[in-house]
Amino acid sequence: MPGLALAMLGAIAFSGKAIIVKLAYRHGVDAVTLIMYRMLFALPLFVVLSWWAGRGKPPLTRRDRVVVAGLGFCGYYLASFLDFAGLVYVTASLERLILYLNPTLVLLLGHVLFRREVTRRQVVALAVSYCGVLLVFGHEVTLAGADAALGAALVFGSAVSYAVYLVCSGEEVRRLGALRLTGLATTVACVLCIAQFLLLRPVSSMAVAPEVIWLSVLNATLCTFAPVVMVMMAVERIGATLAAQTGMVGPLSTILMGVLILGEPFTPWVAAGTVLVIAGIWLLARGR
C-alpha cells in the first residue's frame, strides 16, 4: 500500500538524522556549525515547498506571519538545536527513544493548557513509555555519568519544544494547510539557525572537513526535507493515526543503524526500553 510505504520510509528517513549527526561529530564540528550547514542546504527546498503549497491561496496576514515565526522558532529552530546539542552526550538510540515520547508530551500539554481529558488507559500508556526511557537512561548514566544526564535533558527539551509546536499549530494548519505551514515555519528556522551561526561563530569556522559537508547535504535532503513530504503524503492517503502507528519503526531503525553504523552496543537494557516505549505509544494510539 503506497500510503503505508510512504509513512514507513518517512519514519526511517527521520530516524537517520541522529546517525548522520553522530558521524559528523567525529570530524570535530560543533552543534552550532553543524545545524547551520543542515539548515543552509535545506533552506532552498523549504522555500520552494512553501511557494508550491501556497499557490492560488490568499497571502499571509500580519497575524499569520507572527504565528508562523513563533512556530518556526519553537518547533524547528529550538527543537533542532537542543536535539543536536544533546546528541553530543547521548547515544542515537536514547535520543530517538526520548523524541518518540512526543505523543505523550502532546497529550500532557493538551491537558495542562486546554484541560483536555486524560483517560486511565492514556495514563497507563504514559507510564509504560516513560519507564522504557528511564530504563535506557539509567543504563547510560551508569556508563557516562553527568554527560548522559545533560544530553538527555537537552533532547527532552527538544521533544517538549516540538510538542508545543504541535499543540499550538492546530488552528494555523487549518488556515494555511500542513505543507504550507511546514514550509514556512521551517524556512524561519533555517534563517534563525544561519543567523545564530553568524552571531556566535567567525565566518572562518565554516571551514570544516569535506565529510561534514556531504553529511549535512544528506541530512538536509534525505533526513529532513524528504521525510516531511513523505509523511504528509502518507497522512493524506491513510490518515494521521495509521501514519503515526507506522512511525513506530523509527526507534527500531535508529537502534539498528546505531549498532551497524556507529558501533553502539545493543544491550538488554536498550531492547527492554525500546519495547516499553513502543508499547506505550501503541497503547496511546489505540486509546484515541
Side-chain angles (χ1 to χ4, degrees), residues 11-38 75-105 126 128-164 193 212 215-216 218-219 223-224 227 247-278 280-281:
I12 294 172
F14 266 132
S15 67
K17 174 202 65 181
I19 306 302
I20 290 176
V21 171
K22 296 292 281 188
L23 288 173
Y25 280 150
R26 294 179 176 180
H27 298 281
V29 66
D30 63 27
V32 172
T33 305
L34 186 59
I35 197 171
M36 179 276 294
Y37 269 118
R38 177 207 189 194
Y76 292 101
Y77 161 72
L78 184 60
S80 295
F81 179 71
L82 291 174
D83 184 35
F84 274 53
L87 275 167
V88 174
Y89 305 106
V90 298
T91 63
S93 300
L94 179 56
E95 181 259 8
R96 180 51 44 183
L97 290 180
I98 293 173
L99 292 184
Y100 206 64
L101 293 174
N102 194 262
T104 71
L105 293 170
L126 293 174
V128 171
S129 293
Y130 282 86
C131 282
V133 170
L134 288 173
L135 191 65
V136 180
F137 170 69
H139 178 63
E140 286 209 14
V141 166
T142 61
L143 299 176
D147 284 347
L150 174 59
L154 289 168
V155 176
F156 187 75
S158 170
V160 171
S161 181
Y162 191 68
V164 170
C193 288
V212 173
L215 287 169
S216 296
L218 190 62
N219 199 354
C223 299
T224 303
M248 290 179 183
V249 302
L252 299 176
S253 61
T254 300
I255 290 169
L256 181 61
M257 287 187 285
V259 171
L260 296 178
I261 299 173
L262 301 177
E264 293 183 350
F266 182 70
T267 65
W269 299 94
V270 173
T274 303
V275 169
L276 287 172
V277 170
I278 292 177
I281 301 302

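This structure is a prediction, so every number in the text was calculated from the model and none was measured.
Residues V90 and A148 approach most closely at CG1-O, 3.6 Å, considering heavy atoms. Taking both residues in full, the closest heavy atoms of L87 and A18 are given as CD1-CA, 3.9 Å, listed atom of the first, atom of the second, then distance. Residues H27 and V212 approach most closely at CB-CG2, 3.7 Å, considering heavy atoms. Across every non-hydrogen atom of A163 and L105, the tightest pair is CB-CB, 3.7 Å. Heavy-atom minimum distance, S158 versus L99: OG-CD2, 3.9 Å.
Here T224 pairs with R38, F46, N219 under the side-chain contact (heavy atoms from CB on, under 4.5 Å) rule; sequence neighbours left out. Looking at residues two or more places apart in sequence or on another chain, you find a side-chain contact (heavy atoms from CB on, under 4.5 Å) between A85 and L154. In this view, S15 and S253 satisfy the side chain to side chain donor-acceptor pair (under 3.5 Å) rule, not counting sequence neighbours. Under the ring-ring contact (aromatic ring centres under 6.0 Å, His included) criterion, Y77 pairs with F73, sequence neighbours left out. With sequence neighbours left out, the side-chain contact (heavy atoms from CB on, under 4.5 Å) criterion links Y76 to Y162, Y165, T182, A185, T186, A189. S161 meets the side chain to side chain donor-acceptor pair (under 3.5 Å) test with no other residue; sequence neighbours excluded. Looking at residues two or more places apart in sequence or on another chain, you find a side-chain contact (heavy atoms from CB on, under 4.5 Å) between L23 and I19, R26, L215, I261, L262.
Screening residues 249-262 for salt bridge (Lys or Arg N to Asp or Glu O under 4.0 Å) gives no qualifying pairs among residues at least two apart or on separate chains. Residue pairs satisfying the salt bridge (Lys or Arg N to Asp or Glu O under 4.0 Å) criterion with at least one member in residues 94-103, sequence neighbours excluded, are listed as follows: K17-E95.
In this structure, S93 OG and I98 CD1 are separated by 11.0 Å, a value rounded to the nearest 0.5 Å. Considering OG1 of T254 and CG of L94, their distance stands at 11.5 Å, rounded to 0.5 Å. Here Y89 contributes atom OH and Y25 contributes atom OH; the two are 9.0 Å apart, rounded to the nearest 0.5 Å.
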